[in-house]
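One structure below.
Throughout, protein chains are lettered first and strands after them, A, B, ... in sequence-line order, and every chain is numbered starting at 1. No experiment lies behind these values; they were computed from the predicted model shown.
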Amino acid sequence: MSDDAKQSAVRCTLNGRPRRDFVPDNMLLVDFLRETVGLTGTKIGCDGGECGCCTVLIDGEPRHACLTLAAVCDGAEIETIESLDTGGRLAAIQRGFNEKLGAQCGFCTPGMVMAAEGLLRENPNPTDDDIRAGLAANICRCTGYVKILEAVHFAADELAGRDKEAAA
Amino acid sequence: MEYMPDFKLHRPDNIEDAVKLRAEEPDALFVAGGTDMIVNVRRGIEQPKHLIDITAIEELKSILRDGDGLHIGAGVSLKELQSNADVLRDYPAVGEAARAVAGPTHQEYGTVGGNLCLDTRCLFYNQSEWWRQSNDYCLKERGDTCHVAPGGKRCFAAFSGDMAPSMLVYGAEIDVAGPNGRRRMPLTDLYRNDGMAHLTLEAGDMLTAVHLPKALAGSPSRYEKARVRGSIDFPLAGAAVRLEMDGKTVKDFVVALTAVNPYPQIAKGTDAYVGRELTDEALDEIRELVRKQAKPMRTTTVAPWYRRRVVGALARRRTEEFAG
Ligand SMILES: Cc1cc2nc3c(=O)[nH]c(=O)nc-3n(C[C@H](O)[C@H](O)[C@H](O)COP(=O)(O)OP(=O)(O)OC[C@H]3O[C@@H](n4cnc5c(N)ncnc54)[C@H](O)[C@@H]3O)c2cc1C
Ligand code: SF4
Ligand code: FES
Ligand code: FES
């Protein structure tokens, strides 16, 4: 059990890099990412769990960084929007949002992209209904969602195409 | 950054340590997924000095099947619950209810235990600190007036968890670990009709598992809820129905409700339909029977009369489907 200080040691992997930190027990993961580490891609859009702007992947699964205590992430693998590109080349899901105009003001986009990334890893070939259900915890005020559906399909197609090439 | 109280976090890896910590510290609270608790902490509704995170306790995380039925650990996520083949085959309403909770991200890490122990909800309570302060708080928290029923001394905040009715229709039992050891009791006994103290758990008590009996495995069931947005929202009203037919007549029939009272409940009087045919008149009677037992108050943005009507309609519709 931990000592009396109201802080905890956290060893985690953040965007592929191992880290060791001491975090205050009452620090939310979203504040740790934005304020301590300086990764401001993850957004805060509400006072807890309503909007999905703060969605990150923890051990590969979508999770609200605004409802997760940083101290609970000891041992976890955390992925944020900043992890998706490889050497400046956008990931398929990011290209989907770009090509299909899935982002307008862009505020919901990091959370939406991370939720979509989580969805595609679990279900590489989603139907419209699968995408609607998979992104139901993410709210967008601008796009009307149609373009977001197209963006996710674009990414799924592109990933499938690349898989075919690799198999050939 | 906004207001977060200054608490100490504990992460015990076994039930005994968690229960001991909770019993020793009057200002300690359990947190599992945190999808309700952390919201309430951020809003200043809960101001714990100690938070006991129970997600490192492996014992709480398994679903086991044996000769007595299915045993679901309190720490099982709603995602895992709805993906479990035994649940889907033998207790379908349970899987359906898990898919109806909040949104998919909440289901990834929100737990069964957190859902069954969810705090009651009210328009005047689930608000930010400044919102509640501007209204002089309310009876449930720091204030001395209930804004829903200002004359009274009762709180009518509605129990709004989706899982409970789907488990109540199967006569689920729960395990509770407390400072004096472990005990098993019916899930119905976890709740009482009091928005301020709807759980019968004592300080230190932890819900550790839910048991669904083997005898009812495969008994057909459905769960349906009404909510403002189809994608993500607490229930305005929810009903689970478990119904076995014997040809054209009813053999076994249970209805359970959520979000229309401060506690989830089994609707009384459905046994009167055993041995009867589900005619249109019988179905209308069942709808009225359910409506009469729903006593929603003005605790949501949607009017109580609508929630009462809709809960009857949900129960009738689900019953009629089974009647074929
Ligand atoms: C936007 C939003 C929408 C939501 N919509 C719904 C909805 O539609 N339906 C619904 O049912 N819920 C809804 N929720 C609430 C919540 O996501 C779920 O109820 C979830 O299952 C709670 O589980 P948790 O593990 O996150 O609980 P926590 O938040 O960790 O805990 C909830 C409560 O249970 C107590 N607790 C947790 N585990 C135990 C235990 N083992 N023993 C004793 N006490 C325990 C905690 O102390 C706390 O009081 C919503 C939440 C949000 C933010
Ligand atoms: S029913 Fe009354 S006392 Fe209870 S939470 Fe609502 S306003 Fe407060
Ligand atoms: S910031 Fe809105 S869900 Fe996390
Ligand atoms: S692009 Fe503006 S909120 Fe989604």
> Are the side chain of A:His64 and the backbone N or O of B:Thr105 linked by a donor-acceptor pair below 3.5 Å?
Replying inline: no
> A:Asp31 and B:Met4: side chain to side chain contact (heavy atoms under 4.5 Å, CB included), yes or no, with the steps?
Replying inline: CA-CA 11 Å; A:Asp31 294 323; B:Met4 280 290 274; 5.7 Å; no
> Rounded to the nearest 0.5 Å, what separation is found between the CG atom of A:Leu67 and the CD1 atom of B:Ile38?
Replying inline: 7.0 Å
>> So, taking the atom named CD in B:Glu108 and the one named CD in A:Glu122, what distance separates them when rounded to the nearest 0.5 Å?
In response: 6.5 Å
Where [X] and [Y] come nearest, the two heavy atoms and their spacing:
X	Y	result
A:Gly48	B:Val39	O-CG2, 3.6 Å
B:Phe7	A:Leu69	CZ-CD2, 3.9 Å
A:Ala136	B:Pro104	CB-CD, 3.7 Å

> Contact part of B:Asp6 toward chain A, heavy-atom cut-off under 4.5 Å: side chain, backbone, both or neither?
Replying inline: both
> What part of B:Arg229 gets closer than 4.5 Å to chain A, counting heavy atoms only: side chain, backbone, both or neither?
Replying inline: side chain
>> B:Arg11 vs A:Ser8, test: side chain to side chain contact (heavy atoms under 4.5 Å, CB included). Steps then yes/no.
In response: CA-CA 10 Å; B:Arg11 298 198 78 202; A:Ser8 302; over 6 Å; no
Atom [atom1] of [X]: over 12 foreign heavy atoms under 6.0 Å:
X	atom1	answer
B:Trp131	CH2	yes
A:Arg11	CZ	no
B:Lys61	NZ	yes
B:Gln47	CD	yes

> Which atoms of A:Ala133 come close to chain B, meaning under 4.5 Å heavy atom to heavy atom: side chain ones, backbone ones, both, or neither?
Replying inline: backbone
> By a 4.5 Å heavy-atom criterion (distance strictly below it), what part of A:Ile58 contacts chain B: side chain, backbone, both, or neither?
Replying inline: neither
> Is any side-chain heavy atom of A:Asn26 closer than 4.5 Å to a side-chain heavy atom of B:Leu51?
Replying inline: no
